[in-house]
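Only one structure is covered here, and it is reproduced in the block below.
These numbers were taken from a predicted model, which means no experiment stands behind them. Computation of the quantities below employed the complete heavy-atom set of this structure, encompassing side-chain atoms and omitting hydrogens, waters and symmetry-equivalent molecules.
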Amino acid sequence: TRCLSDWSSDVCSSDLRSDAKSLLANALFLQHRLSEAIPLYEEALELDKGYRKPDDADLASDYANLGRAYAMQGELSRADDLYSKAITTFRAAIEGLPSMYENYSRRLQRTLNEYAQLKDAEKQTEAASELRKQANEITPFANPHATVPSLPPPTKMLKGAESIATEATKPHTEMKCTNPGCTQGTFAVYGGGAQAQDSSVSRLGFTPDSRLLLAARRQGRLDILDTSSWQNVRSIETSQGGITALAISPDGALAATGSRGNTVKVWDIKSGKLVAEFLADSTNSNEYLEYLAFSPDTNLLATGGNFTKGLVLDLRAHRSIAALGGTKEVLFSADGQKLIGAVGQKVLVWETHSWSVVKTIDDPEKNVTKIALDQPGNRIAITGWKKGIRILNLDTGELVKSIPDAVTDALIFTSGWKNIVTGRGTLGLWSFQSAKLICETPEMEVSEAILSPNERVLAAAVGNGIDIWATDALDSCVAAH
């Protein structure tokens, strides 16, 4: 706050002043106040040039942010130069710090696609095609050369799943909403959101009554926030090194956390005590859990992840009872009789009594990592690394709707599937009926986004903090007050 009110304050180091200016510029960009946002982006860039190394990824983001703003203002030549510098800097950052490959390559891929859109606007089709080719060659989500290690055998192998293997990661294409003339708008925000902490937020989850928000942090802490005040009321030190998956039980009593090496821990939310633990031997650093799902009766926990084989864990017997193959997101049906899983090129449906595959739903794009169910409407939504959301009939697998331009790591539907909220770096709001993007935020490094069960707020993990967005403003995307 002092940095925002007094740029010259002694407490404001260069990095804090730069971050503050960038945050304020982002807010102005959201409201289409480009003439006010651009000077702040420029000042942030100059500050970062003064103390950051030439191969710093944050410096690359400064170039990209300023380039995006100039593109929106129609100053294409200036935007072109800035995007070029951003790409060069991102490549140097990846080479200089390989351990940050996943994060930096995501940002590089997004910038390449935005630069391609700029080239389209400049009528340089060959250059745009080459930039998209470079973006499509990037696989930011995992090392494509990593192998899937073996796990301790489960009590029962799922029928039909024995040959399923985790597929190589696939590239994606970013949203097209930076060209001049693109439909734009802004989200509205309640308050200032949750306070930033000392570790970035990796996963979020609401309790079913929407009264608590759980935030899993990459250094292994699980924070529990009261949604009436957005204050942290309890923290659980999981000792997992870094939490990569989070699920909350249907009764709101338990939270499951997953991490690298396929470790799963189950916690009593009220007391913070560990109530169950599953350890799997793994030395592959690329192997980690991304998805967890409780059964409706809270007795079972299904897992899915990155370069790992999904399991079904019996929390009463404290053992694994089935193996799912190379699953990504997994969901139980409302009655608990079925388990639905994203498996690379398709969706599999298992019957939970015999653990046999009873249905296979093929994806037309052969690219499934995320799924969402609408059982009353008898439909399933699927998406993956590449762009596009497909809506399929849950019984027949027939394609009934497509949102071809959406790119997302989140798959959030409002009531009646009226609108879709997407998140990958930015937050976007889409009309289900028209399949068009209504509005989006500027680049915010969004890593997770979820809708509260009462649908009053949308929570997004943005760096070390949590932003809280008002859903009553989503339809019109009105500006923040």
Is there a side-chain contact between [X] and [Y], using heavy atoms and a 4.5 Å cut-off?
X	Y	result
Tyr104	Leu97	yes
Ile468	Trp230	yes
Ile382	Lys370	no
Leu301	Leu292	yes
Asn419	Ile412	no
Leu40	Ser22	no
Leu373	Leu394	yes
Thr369	Glu329	no

Nearest 0.5 Å, what's the [atom1]-[atom2] distance between [X] and [Y]?
X	Y	atom1	atom2	value
Ile389	Thr383	CD1	OG1	5.0 Å
Arg424	Arg110	CZ	CZ	9.0 Å
Gln240	Leu222	CD	CG	9.0 Å
Gln345	Lys366	CD	NZ	5.5 Å
Thr327	Leu311	OG1	CG	8.0 Å
Ile38	Gln73	CD1	CD	4.0 Å

Spell out, as yes or no, whether a donor-acceptor pair under 3.5 Å connects the side chain of [X] to the backbone of [Y].
X	Y	answer
Ser431	Ser434	yes
Thr227	Ser210	yes
Thr257	Leu246	no
Glu36	Leu28	no
Ser202	Ile243	yes
Glu42	Ala44	no
Lys328	Tyr291	no
Asp48	Arg52	no
Thr89	Lys85	yes
Thr111	Ile87	no

Going by atom types only, do [X] and [Y] share a side-chain donor-acceptor pair under 3.5 Å?
X	Y	answer
Thr244	Arg203	no
Ser200	Arg218	yes
Gln375	Ser333	no
Gln134	Arg91	yes

Exercise for the section: Please step through side chain to side chain contact (heavy atoms under 4.5 Å, CB included) for the pair Thr396 and Ile361, ending with a clear verdict. Expected result: CA-CA 8 Å; Thr396 65; Ile361 302 174; over 6 Å; no
Is [X] salt-bridged to [Y], going by a charged N under 4.0 Å from an acidic O?
X	Y	answer
Asp58	Arg107	yes
Asp363	Lys346	no
Arg68	Glu114	yes
Arg78	Asp80	no
Lys387	Asp405	yes

Practice task
Could you label the plane-to-plane angle of the Tyr41 and Phe29 rings as parallel, tilted or perpendicular, counting under 30° as parallel and over 60° as perpendicular?
Solution key: perpendicular
Completion exercise
Ser84 meets the side-chain hydrogen bond (donor to acceptor under 3.5 Å, both in side chains) criterion, sequence neighbours left out, with none
Decide if atom [atom1] of [X] counts as having more than 12 heavy atoms of other residues, nucleotides or ligands within a radius under 6.0 Å.
X	atom1	answer
Lys401	NZ	yes
Glu122	CD	yes
Lys53	NZ	no
Lys49	NZ	yes

Which heavy atom of [X] sits nearest to which heavy atom of [Y], and what is that distance?
X	Y	result
Gly96	Asp55	CA-OD2, 4.4 Å
Ala435	Ser402	CB-O, 3.6 Å
Ala215	Leu225	CB-CD1, 4.3 Å
Leu427	Leu458	CD1-CD2, 4.2 Å
Tyr83	Tyr115	CB-CD1, 3.5 Å
Leu289	Gly258	CD1-CA, 4.0 Å

Exercise for the section: Report the C-alpha distance between Ile371 and Ile380 in whole Å, list the side-chain angles of each, state the deciding distance to 0.1 Å, and finish with yes or no for side chain to side chain contact (heavy atoms under 4.5 Å, CB included). Expected result: CA-CA 7 Å; Ile371 55 179; Ile380 182 171; 4.2 Å; yes
Exercise for the section: Take Ile248 and Phe206 through the side chain to side chain contact (heavy atoms under 4.5 Å, CB included) test and state the conclusion after the steps. Expected result: CA-CA 7 Å; Ile248 297 172; Phe206 282 100; 5.6 Å; no
Exercise for the section: Go through the steps to decide whether Ile340 and Leu348 satisfy the test side chain to side chain contact (heavy atoms under 4.5 Å, CB included), and finish with yes or no. Expected result: CA-CA 6 Å; Ile340 301 93; Leu348 294 182; over 6 Å; no
